[in-house]
Amino acid sequence: MNFSYYIAKRYLFSPGSNNAINIITGIAAAGVVIGAMSLFIVLCGFAGLKDFSLQFSSYFDPDLKVFPKNGKTFSISPEQKKQLQETSEIAYFSEIIEERVLLDFKDKQKTAYIKGVDTTYKKVIQTDSIIFHGQWLTENDAQVVAGLGISRELGMGVEQIYANFLNIYVPKPGKGIPKNPSKAFRKKTAINIGIYAVNEELDKKYIFARTNFVRSLLKLSKDKVTHLELKLAPDADQDDVIQKLTKIFDQKVIVKNRIQLNDTLYRMLNTENLASYLIITLIAIIALFNVAGAIIMMIIDKKSNIQTLHNVGASLQNIRKVFLFQGSLMTILGTVLGLIIGFIIITLQQQYGLLMITPTLPYPTRISFFSFVIVFLTITVIGCIASLLASSRINKKLIS
């Protein structure tokens, strides 16, 4: 094995007598470097894009969210509240009431969701980080904070004077069509004191108000909520907290974490990442089979040397290992060089923004140890297989 490795290293680093063979070998080595570099850049790019896409959900979505198993609301008793407060893994929890409503402002209408939150909500969610203009809710119940998309559609800004009120309508429960349509809705008025911005979808979906205001609008009792939102302590075990929550509420609730709340987005990003990885890997496979071509050309060029090695006692298996090691070394060294170049490019992108999405937003990237491992394994495994196929072309007829 040491003999085969020594000869392979000499063949790899010593230029051959045939200039065409050297050019082919150089092209094959460049293909390995470019393939590894491209795959690493793509993986870092999609990792950064995933983080960038999910950072908005981290502003808006809690660590855990508790829903009723049946119906739209569930009751939370004083005893259950006490148990939640005494659970050390739960830092804060907020009672939420959510319902679909009709908004009316200066003869413009839009359907949206009103989200009633209590004073603890700003400890569960970083409300300061999502406020675009104005301020967050105060103790006054007759206030709302609207999304940027809702604000634009209704032509509603942050009202400095209590002159332009937002009318909020919700259908009254019941069956059939009422004779007087004006009596089919409950109505509350409020003033918009702030505008939040998270992403386009959420900015068009929600307005925030106090829970007392929404309870009054929906005629709900004080113990009713549509869901709870929780912020966990830094060292909390999420699975353990979920078990405790289901026990506190007698198995009548469903608890979801942040990933489950955004499962569609996670699936989409993971699918895109996998598709891009497979496409670049396919390109790398094509490039790496240049290694097989280069090894075959090297075998033809070194035919007389192969016969000499056989005559001095080298076995067919050892001769095959020479070219297997040569192709494997070319692949490994090319992969390492490609990773180094890719790392430099990604670092420059993070520092100087070589590629910009907008004039102020560089394309997001993230370097991870997993990216190094997956690129190294992918390229080296394919390269070694290509080298094995090429070296297997050496047979007794060639060396006789």
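All values below were derived from every heavy atom in this structure, side-chain atoms included, with hydrogens, water molecules and symmetry-related copies excluded. In this text, all values refer to a predicted model and were calculated from it rather than measured experimentally.
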Are more than 12 heavy atoms, taken from residues, nucleotides or ligands other than [X], located less than 6.0 Å from that residue's [atom1] atom?
X      : atom1 : result
Asp263 : CG    : yes
Glu200 : CD    : no
Met156 : CE    : yes
Lys122 : NZ    : no
Phe132 : CZ    : no
Phe372 : CZ    : yes

Check your understanding: Going through the checks in order, is the salt bridge (charged side-chain N to carboxylate O under 4.0 Å, His left out) test met by Glu95 and Lys81?
Key -> CA-CA 10 Å; Glu95 300 177 36; Lys81 288 183 184 180; 3.1 Å; yes
Check your understanding: Can a salt bridge be assigned to the pair Arg366 and Asp51 using a cut-off of 4.0 Å between side-chain N and carboxylate O?
Key ->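 Yes.
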Check your understanding: Can Asp240 and Lys244 be counted as an ion pair, charged N to O under 4.0 angstrom?
Key -> yes
Should [X] and [Y] count as side-chain neighbours, where that means a heavy-atom distance under 4.5 Å?
X      : Y      : value
Tyr266 : Lys50  : yes
Ile114 : Ile97  : no
Gln109 : Leu154 : no
Gln326 : Ser387 : no
Lys65  : Ile254 : no
Thr111 : Leu103 : no
Arg186 : Tyr169 : no
Ile41  : Phe343 : no

If we ignore hydrogens and angles and just use 3.5 Å, is the side chain of [X] paired with the main-chain N or O of [Y] as donor and acceptor?
X      : Y      : result
Arg210 : Asn140 : no
Ser38  : Gly35  : no
Ser77  : Gln80  : yes
Arg100 : Ala112 : no
Asp141 : Phe213 : no
Gln349 : Leu355 : yes

Taking atom types as modelled, is there a side-chain donor on [X] or [Y] under 3.5 Å from an acceptor on the other?
X      : Y      : answer
Asn167 : Thr189 : no
Thr127 : Tyr196 : no
Glu99  : Thr226 : no
Lys252 : Asn70  : no
Ser221 : Asp223 : yes
Thr331 : Ser328 : no
Lys224 : Ser75  : yes

Exercise for review: I would like to know whether Asp63 and Arg258 meet salt bridge (charged side-chain N to carboxylate O under 4.0 Å, His left out); could you show each step before the answer?
Suggested key: CA-CA 6 Å; Asp63 295 330; Arg258 189 171 292 158; 3.0 Å; yes
Review point. Going by the angle between their ring planes, with limits at 30° and 60°, are Tyr121 and Phe208 parallel, tilted or perpendicular?
Key: tilted
Any link between [X] and [Y] through a network of hydrophobic side chains (Ile, Leu, Val, Met, Phe, Trp, Tyr) touching at under 4.5 Å?
X      : Y      : value
Phe105 : Ile195 : no
Leu49  : Leu361 : yes
Ile346 : Val336 : yes
Val101 : Leu220 : yes
Leu39  : Ile286 : no

Minimum heavy-atom distance [X]-[Y], with the two atoms named:
X      : Y      : value
Val241 : Leu232 : CG1-CD2, 3.8 Å
Ala386 : Ala292 : O-CB, 3.6 Å
Lys110 : Lys204 : CE-O, 3.3 Å

Exercise for review: Could you give me the CA-CA distance, side-chain angles and deciding distance for Glu229 and Lys115, then say whether salt bridge (charged side-chain N to carboxylate O under 4.0 Å, His left out) is met?
Suggested key: CA-CA 12 Å; Glu229 297 191 6; Lys115 187 167 183 176; 2.8 Å; yes
Practice item. Check the pair Arg152, Leu148 against side-chain contact (heavy atoms from CB on, under 4.5 Å), reporting the backbone distance first and the verdict last. Key: CA-CA 6 Å; Arg152 286 174 175 171; Leu148 183 59; 3.8 Å; yes
**Study point:** Lys256 to Phe67, cation-pi by 6.0 Å centre distance and 45° axis angle
**Key:** yes
Point to revise | Cationic tip of Lys205 above Tyr113 ring, under 6.0 Å, 45° of axis | key: yes
**Study point:** Worked check of side chain to side chain donor-acceptor pair (under 3.5 Å) between Ser391 and Lys321
**Key:** CA-CA 7 Å; Ser391 63; Lys321 284 181 180 179; over 6 Å; no
Practice item. Enter the distance from Leu324:CG to Ile295:CD1 here, rounded to the nearest 0.5 Å. Key: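 Result: 9.0 Å between the selected atoms.
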Review point. Given Val144, which of Ile150, Ile191, Leu166 fulfils the side chain to side chain contact (heavy atoms under 4.5 Å, CB included) condition?
Key: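 Testing Val144 for a side chain to side chain contact (heavy atoms under 4.5 Å, CB included) against Ile150, Ile191, Leu166 leaves exactly one candidate, Leu166.
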**Study point:** Within the 6.0 Å centroid threshold, strictly below: Phe60 and Tyr206
**Key:**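 Ring centroids of Phe60 and Tyr206 are less than 6.0 Å from each other.
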Review point. side-chain contact (heavy atoms from CB on, under 4.5 Å) between Val42 and Tyr277: does it pass, once the steps are laid out?
Key: CA-CA 7 Å; Val42 166; Tyr277 168 76; 6.0 Å; no
Exercise for review: Begin from the C-alpha positions of Thr211 and Asp118 and carry the test side chain to side chain donor-acceptor pair (under 3.5 Å) through to its verdict.
Suggested key: CA-CA 6 Å; Thr211 49; Asp118 56 21; 5.8 Å; no
